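Everything numeric in this text was worked out from a predicted model, so none of it was measured. All heavy atoms count here, side chains included; hydrogens, waters and symmetry mates do not.
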Amino acid sequence: MAPSADRIVIENAAIATVDAQDTEYASGHVVVAGNRIESIGAGKAPEGLENVVRRVDGTGHLVTPGLVNTHHHFYQWITRGLATDHNLFNWLTALYPTWARIDEQMTYAAAQGSLGMMVRGGVTTAMDHHYVFPRGSGDLSGSIIRAASEMGVRFTLARGSMDRSEKDGGLPPDFAVETLEGALAATEETVKKHHDASFDAMTQVAVAPCSPFSVSTELMRQGAELARRLGVRLHTHGSETVEEEKFCHELFGMGPTDYFESTGWLGEDVWMAHCVHMNDSDIAAFARTGTGVAHCPSSNARLAAGIARVPDMLKAGVPVGLGVDGTASNESGELHTELRNALLINRLGAHKEAALNARQALRLGTYGGAQVLGRATQIGSLEAGKLADLVLWKTDGIGHASIADPVTAIVFGAAAPVTLSLVNGRPVVENGRLLHADEDVIARSTREQAQRLARIAAES
C-alpha cells in the first residue's frame, strides 16, 4: 500500500474475519489504507500510522466482511405484495403481464429501492439478474448500473434474457421476450461496455439466460459459449420447483442438472439460483464441476418451493452463497435477515439442529457469496491485501446486548443496526442511513413508479 494512502482505523471491536481458519478477535483492530485492508489483529492498531483521516471506536460492535448478495431481481421492487398466495409458476403467470410493461424510469427507481434496502443492511456487493427487456423500454441495463454506482456499492449485473414465450410453450407473454440473435447481441454489447475484470472492479457483468422454461436450448448453449469467449461468469435459475423438474423431463427427456450439463452449464464459472430439488447425483455433479449455488431461503418459503439441501451441498464442497431473490417473492428485500432464515429453515430439514450454525450462516453471506461471484480472492473475508468492504454492526443495543457471543447475536437475533459500512474503503452507510442517496426521495419515487406501472398494466 502506498505510504500516502489515507487510512481509516477501527479499534476496540469484536472481529469475525471469516478467513480460512475462522479467526476471531474479542477486541481487535482493522486498518484500512485506500481501498485495501492493510492490517487486522488483536488489540490496538499499530502506532505511528500516517495519514489517518478517521478513527472509529468499535466498542460494543462486531466487524465482519460486507455481505454479498448472489441473486436478485431489482425491478420487482415496484411489484411487491402481489400474488402473495401463489406457487412459482402461478406467481410468474400472474406477474409477467405487468413486468412486461417496465421501462427505464421504472427500472432505475426499482434498482434504487432494492439497493437501498440491502446496502443499509450491510450488503457491500450486490447482484441483479435482469431478464425482462420489453421492446422500446430504453437502456435498462445502464439504468441499473447507474443506480448501483450512485449508491457506491460493488455490483454484478447478470444480463438475463428470455426467448421462449407463450407461443413456444414458455410462461412470458410473446411481447416480453427477445429473439435468440437479439439477446446474444445485446448481452455481448453489455459485457463489452460495462464489465471490468480488474481486482478492485466496482462493476462486473455475467451472461444469464433466465431459466430452462423461458429460454431455448440454443440460447442456453450459445450463451455459455458467449460467456466463455468473453471471459465472464454464467448465471441462471435451476431446480427451483418440482414443476420445473417435470417440465425438464417432459421437454428435454432429462432432469435440470443433466440438461444444464448437456448445454455447457456446469463449471467453476457458473452459479445457479435456488437449487431446491437436488438429488445426491445432482449435488455430486455440482461439487465435481465447482458449480455454485445462490441459496434464497425466504423466497423459497414465500413460493412454497421447498428446502434446499444446503448442509449436504456444503459437505460435498459445493460453493454456496445467499440471495435475497426478487422482492416480489421476498418483500423485505434485506440480505442480513437471510443469515437467520438460512439457519432456521435448514433446521426444518433432515439435519435438524445440526444443519447450520451461526458461523456457517455468516460464511454463506460473506465468503460463500464471494466464491459464487468468482471474487473470493478480493472480498468475502477480512484479510490484509483484500478490498476494504466491511461492516460495523452495533451489538450493545437492546436487541443484542444480552447475547454474549456477537456472531450469535447478529445471526440468531434481530437484524443488527449498521453503524458503519465501507465499500472499497469508502463509507456508504453511517448509523443506519445511506450516505449517497436520499431514502425519502427513493421511497416517493418507487411508490410513484409502482403506481404508474400498475396503471399501464391495467390499461393494457
[X] (side chain) donor-acceptor with [Y] (main chain) under 3.5 angstrom:
{"X": "T84", "Y": "G81", "answer": "no"}
{"X": "R36", "Y": "A384", "answer": "no"}
{"X": "D163", "Y": "S216", "answer": "yes"}
{"X": "S161", "Y": "Y131", "answer": "no"}
{"X": "H129", "Y": "A208", "answer": "yes"}
{"X": "Q76", "Y": "A328", "answer": "yes"}
{"X": "H130", "Y": "V132", "answer": "yes"}
{"X": "W393", "Y": "P417", "answer": "no"}
{"X": "Q451", "Y": "E448", "answer": "no"}
{"X": "D128", "Y": "F74", "answer": "yes"}

Mind listing the closest non-hydrogen atom pair of [X] and [Y] along with its distance?
{"X": "L62", "Y": "A16", "answer": "CD1-N, 3.8 Å"}
{"X": "T98", "Y": "L453", "answer": "O-CD1, 3.4 Å"}
{"X": "E244", "Y": "S239", "answer": "OE2-N, 2.9 Å"}
{"X": "A450", "Y": "I78", "answer": "CB-O, 3.5 Å"}

Salt bridge check, [Y] against [X]: does any charged N sit closer than 4.0 Å to a carboxylate O?
{"X": "K192", "Y": "E188", "value": "yes"}
{"X": "R309", "Y": "D280", "value": "yes"}
{"X": "R359", "Y": "D22", "value": "no"}
{"X": "K386", "Y": "E383", "value": "yes"}

>> Tell me which pairs pass ring-ring contact (aromatic ring centres under 6.0 Å, His included) where either residue lies in residues 181-218, with sequence neighbours left out.
In response: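 Of all non-adjacent pairs touching residues 181-218, those that pass ring-ring contact (aromatic ring centres under 6.0 Å, His included) are F89-F213.
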> So among R154, R426, R375, which one has a salt bridge (Lys or Arg N to Asp or Glu O under 4.0 Å) with D389?
Replying inline: R154
How many angstroms lie between [atom1] in [X] and [atom2] in [Y], if you round to the nearest 0.5 Å?
{"X": "M272", "Y": "D282", "atom1": "CE", "atom2": "CG", "value": "10.5 Å"}
{"X": "T203", "Y": "K193", "atom1": "OG1", "atom2": "NZ", "value": "12.5 Å"}
{"X": "N90", "Y": "N87", "atom1": "CG", "atom2": "CG", "value": "4.0 Å"}

>> Are W91 and W99 an aromatic pair, judged by ring center distance below 6.0 Å?
In response: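 Ring centres of W91 and W99 closer than 6.0 Å.
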> Does a sphere of radius 6.0 Å around CD in E150 hold more than 12 heavy atoms from other residues, nucleotides or ligands, not counting ones at 6.0 Å or beyond?
Replying inline: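 Atom CD in E150 is crowded, with more than 12 foreign heavy atoms closer than 6.0 Å.
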In terms of side-chain heavy atoms, does [X] have a donor or acceptor partner in [Y] at a distance below 3.5 Å?
{"X": "H235", "Y": "H237", "value": "no"}
{"X": "H72", "Y": "D325", "value": "no"}
{"X": "Y259", "Y": "T217", "value": "yes"}
{"X": "Q112", "Y": "Y108", "value": "yes"}
{"X": "T187", "Y": "T190", "value": "no"}

> Does any non-hydrogen side-chain atom of Q449 lie less than 4.5 Å from one of T446?
Replying inline: no
> E243 and K246: salt bridge (Lys or Arg N to Asp or Glu O under 4.0 Å), yes or no, with the steps?
Replying inline: CA-CA 5 Å; E243 292 85 3; K246 180 181 178 182; over 6 Å; no
Determine all donor-acceptor pairs shorter than 3.5 Å in which one atom belongs to a side chain in residues 283-298; sequence neighbours excluded.
residue: R288; atom: NH2; partner: E261; partner atom: OE2; Å: 3.3
residue: T289; atom: OG1; partner: A285; partner atom: O; Å: 2.7
residue: T289; atom: OG1; partner: F286; partner atom: O; Å: 3.4
residue: T289; atom: OG1; partner: T291; partner atom: OG1; Å: 2.8
residue: T291; atom: OG1; partner: G267; partner atom: N; Å: 2.8
residue: H295; atom: NE2; partner: N346; partner atom: ND2; Å: 3.2
residue: S298; atom: OG; partner: E338; partner atom: OE1; Å: 3.1
residue: S298; atom: OG; partner: E338; partner atom: OE2; Å: 2.6
residue: S298; atom: OG; partner: N341; partner atom: ND2; Å: 2.7

